[in-house]
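Heads up, the thing below is written out as structure tokens.
Only a predicted model underlies this, so the values are computations on that prediction, with no experimental measurement involved. Letters go in sequence order (proteins before strands), and every chain restarts at 1.
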Amino acid sequence: MILPSPLRVRFAPSPTGYLHVGGARTALFNWLLARKHGGQFLLRIEDTDKARSTDDSTRAIFEGMTWLGLDWDEDVVYQGANLLRHQADAYRLLETGHAYRDFTSPAQLEAWRAEAEAAKLPFKVDRAKVILPRDVEAAKLAAGEPFAIRFKVPDGTTEWMDLVHGRIAFPNKDIEDFVILRSDGTPLYNHAVVSDDIAMGVTLVMRGDDHISNTPKQILIYEALGARLPVFGHLPMIHGTDGKKLSKRHGATAVADWQHQGILPSAMVNFLALLGWSPGGDLEVMLRDELIGRFDPDGLLKKAAVFDPKKLEWMNGQHLSRLPIAEVEPPVTRGIVAAGFASEAELAARRDWYHRLLDLLRVRARTVDDIVRQAEPYLRAEIAVPDDLWAGLAKDAEATRSALTAARGALVALPDAQWHDGAAMEAALRAAAEGIGLAAGKLFTPLRTVLTGSKVSPGITDVVAMLGRDRSLARVDAALARLPGAP
RNA sequence: GGCCCCAUCGUCUAUCGGUUAGGACGCGACCCUUUCAAGGUCGAGAGACGGGUUCGAUUCCCGUUGGGGCUACCA
């Protein structure tokens, strides 16, 4: 399918909560399309529903978009600011005979609806009852009675070539004459959207497929207004692990939740892109630019996808390892500072060392938090060996003592020049173990435990090198002194 | 109920009539190995069902079933 030119797409969330991963995915696909083809990506806040819209939500959307790196072009459009145009468009439809005044009270409508439901019949407003004779209408109008403006759905069929689904058609007889302007003068969703999309020059509308049944109504409005139709594309939904529509019950559904759980924007974007789209081959891990380069509407899927947090974490681990260090540093630093392990200034003061540490830790981490947690022993002066690990060491105090003593001796004897020579240090430690008839692992393990307070860490020589001689020896000495039977 | 959309391993997906139905996550085993990751090898694991069309259907058509969406003077 050929894309419109100029290409102007938009993301139009209503600010009633947080930036949901589903919304983020919709925004991402629009953004990808615009960035790939040199189009414009616009942002419109649909704050028409004052009761549900809040400034906090609007801010959350901006923050989420910014975090993900989805920058928008031109000024943000606030739907609420376009009230006058929405009204003018509605009245234009009234004047051109594409809509009519409806003086029916909400209570009456409700009664009709209940009636139809009782009779198990599909409800549609009855034009014969609603459209009044000219003189009656004039009288009500003169009396100042409130009325809504209802769109007059013509006979026929409304269809379009959907960017992802191909041809979709709705018989117009199944579409009710719908209200476009409330009796209080405010527009309804379908009307405001079309009015705004026309005004913004949007040429391609890509949104969730929960909007498929809104599309024929919107197309009818475009046509009645004499506007050029945009291309429509409807993206599949995102579901939770239980196959149901993704919601709060599934835990983290806001992009900010993932941000706080140590997910990188780069990974989030990559993961989201693969939900409902495929580059066609076996590609999985793609950085931003590659995503833009490969994105193609032909790869858009029709089937709803399940959001799998496990795969997101794996994806994050991949990005953590592959991204330039400059991109993983900021969030890790924030975490370290927040945890109180070090100050930003302290880290900046030994930047090379810090980056070496990050390189060592990121390969075995899946989240930013994993790195922060593992960085603790290298940043703090003192460490505490957890009780259960200490118990393991103390159980055979003599073996532990001789292993630590041998390791200590090897480290003390290691020339400064070899301190950062992993192979030399390893040889020295292995020789020390052999010297007391121990397998090397039996020496590395207790050493690791007393140096890091953990049973997992980078290779032992890297640990020692990162810690430095003084701190390493101090930790060994502290453990030696604490061992049962110590002098 | 009516209308619309959808349907390949548990999950994300490849396949654009002919494949031992491929890859990834997760799971299991093994290798590497000083731990944990990472990496490597291997394994279990899928075309919802029924009809057509065709020499041949996962692929095209119809139906069934099962999911989902909409059905407001909500967005």
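- The residue A:Pro216 sits apart from the nucleic acid: no heavy atom pair falls under 4.0 Å.
- Listed nucleotides B:C73, B:U35, B:U13 differ in distance to A:Arg448; the shortest reach to its side chain belongs to B:U35.
- Here A:Lys302 does not reach the OP1 or OP2 of B:C5: none of its side-chain N or O atoms lies under 4.0 Å away.
- Within a 6.0 Å sphere centred on CD of A:Glu434, other residues, nucleotides and ligands contribute 12 heavy atoms or fewer.
- When the C1' atom is compared between B:C49 and B:U8, the two are found 15 Å apart, to the nearest whole Å.
- Between A:Gln374 and A:Leu275, the residue anchored closer to the 5' end of RNA chain B is A:Leu275, taking for each the nucleotide with the nearest heavy atom.
- To the nearest angstrom, P of B:C5 lies 16 Å from CZ of A:Phe232.
- Of the two residues near RNA chain B, A:Lys303 and A:Ala440, the one whose nearest nucleotide lies more 5' is A:Lys303.
- Using a 3.5 Å distance cut-off with no hydrogens or angles, the side chains of A:Arg448 and A:Ser457 do pair a donor with an acceptor.
- Between A:Phe271 and A:His319, the ring centre distance reaches or exceeds 6.0 Å.
- In the model, A:Asp102 has a side-chain atom that pairs as donor or acceptor with a side-chain atom of A:Thr104 under 3.5 Å.
- The partner of B:C70 is B:G2, judged by Watson-Crick or G-U wobble contacts that both fall below 3.5 Å.
- Using a cutoff of 4.0 Å between basic side-chain nitrogens and carboxylate oxygens, A:Arg430 and A:Glu426 are scored as salt-bridged.
- As judged by a 4.0 angstrom heavy-atom cut-off over every strand, A:Leu301 is placed among residues touching the sugar-phosphate backbone only.
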Practice prompt. Could you please spell out the steps behind the salt bridge (Lys or Arg N to Asp or Glu O under 4.0 Å) verdict for A:Arg113 and A:Glu115?
Written response: CA-CA 5 Å; A:Arg113 220 182 298 278; A:Glu115 217 172 276; over 6 Å; no
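- A cation-pi arrangement is absent between A:Lys124 and A:Trp112 under the rule of less than 6.0 angstrom and at most 45 degrees off the ring axis.
- Comparing the same atom, P, in B:G51 and in B:G22 gives a spacing of 27 Å after rounding to whole Å.
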What's touching nucleotides 24-28 of chain B from the protein side, N or O pairs under 3.5 Å?
unit_1: B:A24; atom_1: O4'; unit_2: A:Glu284; atom_2: OE2; d: 3.4
unit_1: B:A24; atom_1: N3; unit_2: A:Lys311; atom_2: NZ; d: 3.2
unit_1: B:C25; atom_1: OP1; unit_2: A:Trp314; atom_2: NE1; d: 3.4
unit_1: B:C25; atom_1: O2'; unit_2: A:Lys311; atom_2: N; d: 3.4
unit_1: B:G26; atom_1: OP1; unit_2: A:Arg366; atom_2: NH2; d: 2.3

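- Listed candidates were B:C4, B:U35, B:G1. Nearest to the side chain of A:Pro122 is B:G1.
- Of the candidates B:C4, B:C6, B:C73, B:C4 carries the atom nearest the A:Ile168 side chain, counting heavy atoms from C-beta on.
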Can you check nucleotides 62-71 of chain B for protein contacts, nitrogen or oxygen pairs under 3.5 Å, and list what you find?
unit_1: B:G69; atom_1: O2'; unit_2: A:Asp210; atom_2: O; d: 3.3
unit_1: B:C70; atom_1: O4'; unit_2: A:Ser213; atom_2: OG; d: 3.1
unit_1: B:C70; atom_1: O2'; unit_2: A:Ser213; atom_2: OG; d: 3.0

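- Counting to the nearest Å, the C1' atom of B:A14 and the CZ atom of A:Arg294 are 14 Å from each other.
- Residue A:Arg364 contributes atom CZ, which lies 16 Å from atom P of B:U33 at whole-angstrom precision.
- Pair assignment for B:C25: B:G10, on the basis of Watson-Crick or G-U wobble contacts that are both within less than 3.5 Å.
- Rounded to whole Å, the distance from CG on A:Leu121 to C1' on B:C3 is 15 Å.
- As judged by a 4.0 angstrom heavy-atom cut-off over every strand, A:Gly317 is placed among residues making no nucleic acid contact.
- Across all strands, A:Ala169 comes closer than 4.0 Å only to sugar-phosphate atoms, never to a base (heavy-atom distances).
- Remark: C1' of B:C36 and CG of A:Leu451 are 16 Å apart, rounded to the nearest angstrom.
- Comparing B:A37, B:C12, B:C73 by their nearest atom to the side chain of A:Val363 picks out B:A37.
- Counting non-hydrogen atoms under 4.0 angstrom, A:Ile460 reaches a base of the nucleic acid.
- With a 3.5 Å ceiling on both atom-pair distances, B:U35 lacks any Watson-Crick or G-U wobble partner.
- Annotation: B:G66 and B:A48 have their C1' atoms spaced 8 Å apart (nearest Å).
- A:Ser213 meets the side chain to side chain donor-acceptor pair (under 3.5 Å) test with no other residue; sequence neighbours excluded.
- Among the protein residues, A:Ser454 comes within range of no part of the nucleic acid, since none of its heavy atoms lies under 4.0 Å from any strand.
- In this structure, A:Leu235 atom CG and B:C5 atom P are separated by 17 Å, rounded to whole Å.
- The closest side-chain donor-acceptor pair between A:Asp196 and A:His86 falls under 3.5 angstrom.
- At a threshold of 4.0 angstrom between heavy atoms, the contacts of A:Ser14 are confined to the sugar-phosphate backbone, with no base atom among them.
- For the pair A:Lys120 and B:G2, the criterion of a side-chain N or O lying under 4.0 Å from OP1 or OP2 is not met.
- Taking a 6.0 Å sphere around CD of A:Glu290, one finds it holds more than 12 heavy atoms contributed by other residues, nucleotides or ligands.
- Geometrically, A:Arg150 does not engage A:Tyr100 in a cation-pi contact defined by less than 6.0 Å to the ring centre and at most 45° from the axis.
- Distance noted for atom P between B:A38 and B:A29: 15 Å (whole Å).
- In this entry B:C55 has B:G18 as its Watson-Crick or G-U wobble partner, both defining distances falling under 3.5 Å.
- Remark: A:Arg182 is in phosphate contact with B:A75, judged by side-chain N or O atoms under 4.0 Å from OP1 or OP2.
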Practice prompt. Check the pair A:Tyr378, A:Phe341 against ring-ring contact (aromatic ring centres under 6.0 Å, His included), reporting the backbone distance first and the verdict last.
Written response: CA-CA 9 Å; A:Tyr378 309 91; A:Phe341 297 158; over 10 Å; no
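- Nucleotides B:U15 and B:C32 are separated by 38 Å at their P atoms, to the nearest Å.
- A distance of about 12 Å separates the C1' atoms of B:U58 and B:A14, rounded to the whole Å.
- Protein atom CG of A:Leu163 is 16 Å distant from nucleotide atom P of B:C5, rounded to whole Å.
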Practice prompt. Show the numbers, then the answer: is there a side chain to side chain donor-acceptor pair (under 3.5 Å) between A:Trp160 and A:Asp162?
Written response: CA-CA 6 Å; A:Trp160 72 95; A:Asp162 195 272; 3.0 Å; yes
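- Among the protein residues, A:Gly208 comes within range of no part of the nucleic acid, since none of its heavy atoms lies under 4.0 Å from any strand.
- With a 3.5 Å ceiling on both atom-pair distances, the Watson-Crick or G-U wobble partner of B:U64 is B:A48.
- Rounded to whole angstrom, the span from the CG atom of A:Asp47 across to the C1' atom of B:C74 amounts to 14 Å.
- Nucleotides B:G67 and B:A75 have their P atoms positioned 31 Å apart, rounded to a whole Å.
- A:Ser278 comes within 4.0 angstrom of the backbone, heavy atoms only, and of no base.
- B:A24 and B:U41: their P atoms are spaced 9 Å apart (whole Å).
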